[in-house]
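Quick notes on the structure that follows.
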Amino acid sequence: MKEKLAAAIRAAAEQGIADGVFPEAELAAVELEVPPKKEMGDFATNFAMKSAKAFHKSPRQIAEELIARIARDGIDRAEIAGPGFINFYLTKDVIYDGLRKAIEAGEAYGNLPNKNLPKVQVEYVSANPTGPLHVGHGRGAAVGSALVNLLRAAGYDVEAEYYINDAGNQIDHLAESVNARYLQLCGQDVEVPEDGYRGQDIVETARRIREKDGDKYLSMPEAERLAIFKERALSEKLAALKEDLAAFNVQYDVWFSERTLHPDKVNAAVEKLRANGNIYEKDGALWLRSTDYGDDKDRVVIRAGGEPTYLAADIAYHKDKFERGFGRVINLWGADHHGYICRVKAAIKAMGGDPEKLTVMLLQMVSLLRGGEAVKMSKRTGESVTLAELIEEVGTDAARYFFVMRSPDSQLDFDIDLAKSQSSENPVYYVQYAHARIASVFRQAAETGLKESDAFALLTDESEFDLIKKIEEYPREVEKAAADLAPQRIARAAHEMASAFHSFYSRCRIMGVEPELAGARLALAGKTAQVIRHALHILGVSAPEKM
RNA sequence: GCACCCGUAGCUCAGCUGGAUAGAGCAUCGGUCUUCUAAACCGAGGGUCGCGCGUUCGAAUCGCGCCGGGCGCACCA
């Protein structure tokens with residue numbers, strides 16, 4: 001209907017030109033929006049205001065001429081409002097017809113047609129496998145997986161990827177830390193190294209190694225022992241990571257190991273940059289001339305000792321991503337990495353790639369609140385609350401909803417007490433409750449033999465119209481949210497859907513009214529439940545049948 | 001000093017590719033359960049959109065400059 005209306009407005013403008021009331025001019029794009037208040041109709045356009053310059057007339061005059069020429073098909077009335085908006089009021093038939101089509105689409109309603117674009121890659125979390133995931137990673141996991149679900153619903157072909165930093169210094173530190181704990185367990189007086197990891201999970205790993213194999217590694221040369229511990233620790237940490245993510249309803253298509261970049265792909269990337277004249281040697285190291293591509297300083301890619309930097313691996317990684325044919329690559333990073341964007345884009349440009357194909361989404365920091373107070377990080381280990389502990393305490397549904405409902409650009413105060421509370425304060429329950437209420441109605445309808453009907457013309461209450469319109473808006477909301485990479489909009493849409501339903505539910509009885517009306521209301525409720533389910537699925541939150 | 005994010009109701013935040021009287025939830029106050037889940041609904045109050053200047057017919061939204069908070073500025077990741 002929206003497209004039809006836009007076409008009708010264009011046609012009216014062209015007719016106006018043909019009639020000589022408007023001068024020959026390029027037509028502005030027709031934008032239609034749902035007005036801020038429902039008294040303002042079903043759709044509104046600012047087209048008359050946009051055209052004021054081109055048509056040399058006041059917006060209200062233009063609007064008047066347009067209204068006189070617009071096809072009335074499906075439009076009950078059109079009015080000029082405010083500075084020159086045209087408000088359109090659709091006929092009831094059009095609104096009922098929209099509901100009918102939504103119902104016919106079934107569970108797929110909310111999924112948009114395939115965009116037939118090259119694949120999009122979303123890389124998120126990618127935390128180092130050196131310890132458990134924390135709440136900050138939780139935000140990345142929730143937003144990233146919701147974004148993947150959202151883009152898929154909007155018709156994009158998406159691949160979700162986790163980059164495993166299983167090479168380099170931090171993994172050596174992991175091995176050294178496990179080694180120190182192992183030696184401690186064997187009765188030796190050693191300290192965890194300065195750069196080591198002090199978490200309890202490292203002690204556990206060491207303990208498991210000793211339980212299985214005893215003291216046998218003591219007699220081994222240290223380098224050999226470290227190599228063994230490195231692999232043991234890595235596989236344990238990675239398994240734990242995957243477990244945490246799975247428990248959080250997060251799935252990946254590809255687990256990409258950094259090791260597979262070393263040394264060939266890293267060397268190839270450096271060679272390519274060298275061939276382009278973007279590498280020079282200074283102080284024994286190889287430098288990328290990134291300042292030529294917008295960075296504020298040049299960056300070392302190969303250290304004086306011959307070891308590649310993290311950036312070198314990352315350059316090779318992004319080169320590999322684009323070679324895999326993605327039309328667009330989206331990285332979710334913590335906001336503390338924002339300074340890194342510029343150099344990665346510079347490197348892509350230096351290799352002759354298109355940095356516009358890379359979008360880095362930054363997620364601002366998360367702080368936990370309990371009893372109104374910030375939860376402090378542990379001084380000893382430098383660690384905050386783990387994601388597993390958070391899930392344990394508030395549940396996956398509440399945690400995911402809270403992480404996704406805010407804009408990623410805003411810092412998030414995660415109120416643990418609120419997430420746990422089973423009351424109206426808690427937006428997760430509010431949405432889920434609407435779904436459970438509908439499921440309950442359907443259970444009773446089944447008992448009494450009430451069936452859904454399509455006598456939609458009997459739906460005349462204001463709250464019924466509001467609900468139908470929300471349902472009809474939903475696919476556009478999916479489109480917008482995907483275009484803006486903004487899964488938080490889906491949380492909002494779900495909440496608004498629930499609100500419209502609760503309002504309807506308290507005004508209109510379903511059971512016990514005359515059967516045709518009851519059936520139509522049941523169908524409306526059923527469709528509402530489907531849309532809520534669809535939105536909650538994108539958010540990775542369950543849609544319970546009972547609460 | 002440079003880069004990025006934020007500053008909107010008492011609190012937490014939407015709205016930001018410019019548009020109508022700036023919205024929601026919570027909190028506060030007042031109503032609503034003999035009938036489908038009251039984890040709900042209805043109503044009320046509550047705002048110099050951080051400050052200033054500019055662009056525009058029109059600015060919370062765009063530009064510039066300040067102020068405040070956060071986060072970074074490695075041959076760490």
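Below, chains carry the letters A, B, ... as their sequence lines are ordered, and counting in each starts from 1. Basis for what follows: all heavy atoms, side chains included, without hydrogens, waters or symmetry-related copies. Just so you know, these numbers come straight off a predicted model, no measurement behind them.
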Side-chain N or O of [X] closer than 4.0 Å to phosphate OP1/OP2 of [N]:
X	N	answer
A/R437	B/A38	yes
A/Y430	B/C41	yes
A/K37	B/G23	yes
A/S410	B/A14	yes
A/S503	B/C42	yes

* Kindly assign one of parallel, tilted or perpendicular to the pair A/Y340 and A/Y310, based on the angle between their ring planes and the thresholds 30° and 60°. => tilted

* Syn/anti label of B/C29 as read from its glycosidic torsion, with the cut at 90° from 0 ->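 B/C29: anti.
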
Of all the choices, [options], which nucleotide is nearest to the side chain of [X] once you look at every atom?
X	options	answer
A/D283	B/A20, B/C36, B/C75	B/C75
A/Q364	B/A14, B/C41, B/G70	B/G70
A/Q444	B/C5, B/C42, B/C36	B/C36
A/M365	B/C71, B/C41, B/A39	B/C71
A/T309	B/A77, B/A3, B/U35	B/A77

* Distance-only donor-acceptor test (3.5 Å): side chain A/N426, base B/A39 -> no

Taking atom [atom2] of [N] as reference, at what distance in whole Å does atom [atom1] of [X] sit?
X	N	atom1	atom2	value
A/L412	B/U12	CG	C1'	10 Å
A/H338	B/C6	NE2	P	12 Å
A/K297	B/G72	NZ	C1'	11 Å

* **Face-to-face contact A/H337 to B/A77 six-ring, under 5.5 Å, under 30°** => yes

* Is A/Y505 stacked on the base of B/C41, meaning ring centres closer than 5.5 Å and planes within 30 degrees of each other? -> no

* Asked: Which part of the nucleic acid does A/Q170 contact within heavy-atom distance under 4.0 Å: base, sugar-phosphate only, or nothing?
  -> sugar-phosphate

